[in-house]
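Working notes, structure below.
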There are 2 protein chains.
Amino acid sequence: MAIKLDIEALLAHLPLFRSLDKTQLVLMAQASQEVRVAKHGFVFHRGDAASGLYVVAVGGIKLAIPSANGQEKVIEFFSPGQAFGEAVMFLDKPYMVQAQALEDTLLLWIDKQDIYAAIDRDPSFARRMLAGLSLRLHALVQDIETVNLQNASQRVISYLLKQPREGEHVQFPFNKNVIASKLGLTPETLSRLLHQLNSKGYIAVDGRDVHILDVPGMEAQLYGR
Amino acid sequence: MAIKLDIEALLAHLPLFRSLDKTQLVLMAQASQEVRVAKHGFVFHRGDAASGLYVVAVGGIKLAIPSANGQEKVIEFFSPGQAFGEAVMFLDKPYMVQAQALEDTLLLWIDKQDIYAAIDRDPSFARRMLAGLSLRLHALVQDIETVNLQNASQRVISYLLKQPREGEHVQFPFNKNVIASKLGLTPETLSRLLHQLNSKGYIAVDGRDVHILDVPGMEAQLYGR
DNA sequence: CGAAAGTTTGAGTTGCTTCAACCGCGGTGG
DNA sequence: CCACCGCGGTTGAAGCAACTCAAACTTTCG
């Protein structure tokens with residue numbers, strides 16, 4: 001974990017900061033702090049006070065809602081270049097989710113005040129921020145849609161089809177039990193459904209590797225039956 | 001539906017516009033247009049292009065995701081003073097939800113460009129906008145929590161406890177039908193659960209009127225068992 | 001190489017839905 | 001004025017999709 005990084009360069013190609021000019025970028029870079037979190041380590045817990053936002057530089061983060069009985073519901077994943085924790089920052093509420101590292105992760109942390117300053121200096125930064133939040137909102141609404149309007153099999157199918165794929169090849173980025181939670185399923189159910197889609201000839205499963213064989217057939221499942 | 005309204009005064013006490021000074025308020029009022037929608041009428045459908053935001057002046061609106069088989073999943077309700085449609089405005093995507101009037105409703109519509117202009121003129125307006133979106137996001141995450149982590153009975157209980165109540169009295173603002181959809185239940189299940197909570201002595205149901213009798217007992221249901 | 005974590009498979013259970021019938025009430029037209 | 005319709009709501013019975021529990025198998029990693 002001894003990575004030396006050029007914060008300014010890193011920030012420069014984040015969507016969020018792309019509109020900033022050189023001067024502001026330098027200010028932002030100065031304002032940000034490195035945070036290192038080991039795999040399975042927590043960035044924050046539910047109930048913690050929010051005083052800034054995080055940007056993933058290296059690694060991966062999952063946001064989840066913890067439940068009483070040790071369960072958790074995964075809300076979203078964040079990979080390098082993505083920001084999280086911005087939403088709560090603008091409210092004066094504590095986090096209602098927890099953030100946990102899926103692998104050894106390097107984050108940048110930027111204080112609320114510095115973000116506010118950037119908003120005041122540059123309206124187009126405010127717009128980017130607004131667009132970012134809107135995107136997040138959009139994704140959540142989609143999640144609500146899948147959980148409420150689609151059955152287990154359809155959820156798996158739409159997840160697979162939504163994954164970025166090279167050719168017909170897709171790979172699960174994390175443990176299946178984390179994916180299952182994101183989809184609102186138990187790991188057992190996910191396993192069974194993958195097996196089922198496999199034997200129906202829609203996909204070919206091999207561990208975390210999946211080959212999508214019949215896109216039209218799968219899409220048909222999302223509407224018919 | 002022949003209400004004459006003072007747009008400026010109306011806007012003035014919306015949280016969103018509260019920070020605007022007199023000059024800007026006038027600009028905003030000039031930019032906004034009245035839109036009238038009869039009960040059950042649609043403000044927009046899924047797939048429509050979004051080019052501005054709406055503020056409820058009189059009446060009530062529900063946002064919902066339509067599904068193939070004529071079902072729909074209710075996402076949120078909006079009452080006078082609340083704004084909706086802002087999120088999609090910042091993205092260049094069509095609406096993924098539909099907005100329908102729950103009663104005869106009067107809306108104000110403000111064009112995207114005018115909102116952008118206000119953001120550019122006044123950073124504190126941008127902040128309010130950000131806070132508004134964050135709040136929306138927060139609510140959605142809570143919904144995801146209830147749907148995924150609580151059973152049907154707990155969902156009804158938390159809904160009842162969340163409703164604004166005068167003394168111990170609560171009233172369903174709409175058809176139980178619509179409430180059920182918001183909670184991710186069928187109307188039948190909602191009816192049965194209300195009956196059940198009634199006979200257990202937690203509440204007293206009379207049509208749309210509910211008396212909350214045993215708050216501690218209900219809260220206990222959210223954790224235990 | 002061994003322990004721990006992740007995954008699959010099987011069997012049994014259940015919470016909620018579905019389907020269907022029925023009730024009560026408000027509106028409407030004959 | 002009353003019969004009728006239609007809609008929102010309730011109640012009952014039956015079904016099923018997904019979960020729970022449990023055990024075996026596989027991969028990961030110290």
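Protein chains get the first letters and strands the later ones, always in sequence-line order, with residue 1 at the start of each.
Across the protein-nucleic acid pair, L190(A) atom CG and dA17(D) atom P stand 18 Å apart, rounded to whole Å. Separating the CG atom of L194(A) from the C1' atom of dG6(C) is a distance of 14 Å, rounded to the nearest angstrom. Atom CD of Q71(A) is separated from atom P of dA18(D) by 18 Å (rounded to the nearest Å). The nearest whole Å value for the distance from the CG atom in N198(A) to the C1' atom in dT7(C) is 15 Å. Atom CD of E188(A) is separated from atom C1' of dA11(C) by 13 Å (rounded to the nearest Å). The distance between atom CG of D206(B) and atom P of dG8(D), rounded to the nearest whole Å, is 19 Å. Distance CG (L185(A)) to P (dG6(C)): 18 Å, rounded to an integer number of Å. Atom C1' of nucleotide dT10(D) and atom CG of N175(B) are separated by 15 Å, given to the nearest angstrom.
Defined by atom type and a distance below 3.5 Å, a donor-acceptor pair is present between the side-chain atoms of Q150(B) and S158(B). Between the side chains of H211(B) and E168(B), at least one donor-acceptor pair of N or O atoms lies under 3.5 Å. A donor-acceptor pair shorter than 3.5 Å cannot be found between the side chains of S191(B) and E188(B).
Taking S67(A) as the reference, N69(A) meet the side chain to side chain donor-acceptor pair (under 3.5 Å) condition, with sequence neighbours excluded.
Regarding contacts with the backbone of dC16(C), every side-chain N or O of T186(B) stays at 4.0 angstrom or more from both OP1 and OP2. The phosphate of dG15(C) has neither OP1 nor OP2 within less than 4.0 Å of any side-chain N or O from N151(B). One finds a side-chain N or O of T189(A) lying less than 4.0 angstrom from the OP1 or OP2 phosphate oxygen of dC19(D). The phosphate of dT9(C) has OP1 or OP2 within less than 4.0 Å of a side-chain N or O from H195(A).
Among dA13(D), dA18(D), dT9(C), the nucleotide with an atom closest to any side-chain atom of A152(A) is dA18(D). Here the nucleotide nearest the side chain of R192(B), chosen from dA13(D), dT8(C), dT20(D), is dA13(D).
The base of dG6(C) does not come close enough to the side chain of R208(A) for any donor and acceptor atom to sit less than 3.5 Å apart.
Between the side chain of K62(A) and the main chain of I75(A), no donor-acceptor pair closer than 3.5 Å is present.
Along DNA chain D, the nucleotide closest to K39(A) and the one closest to S153(A) are compared, and the more 5′ of them pairs with S153(A).
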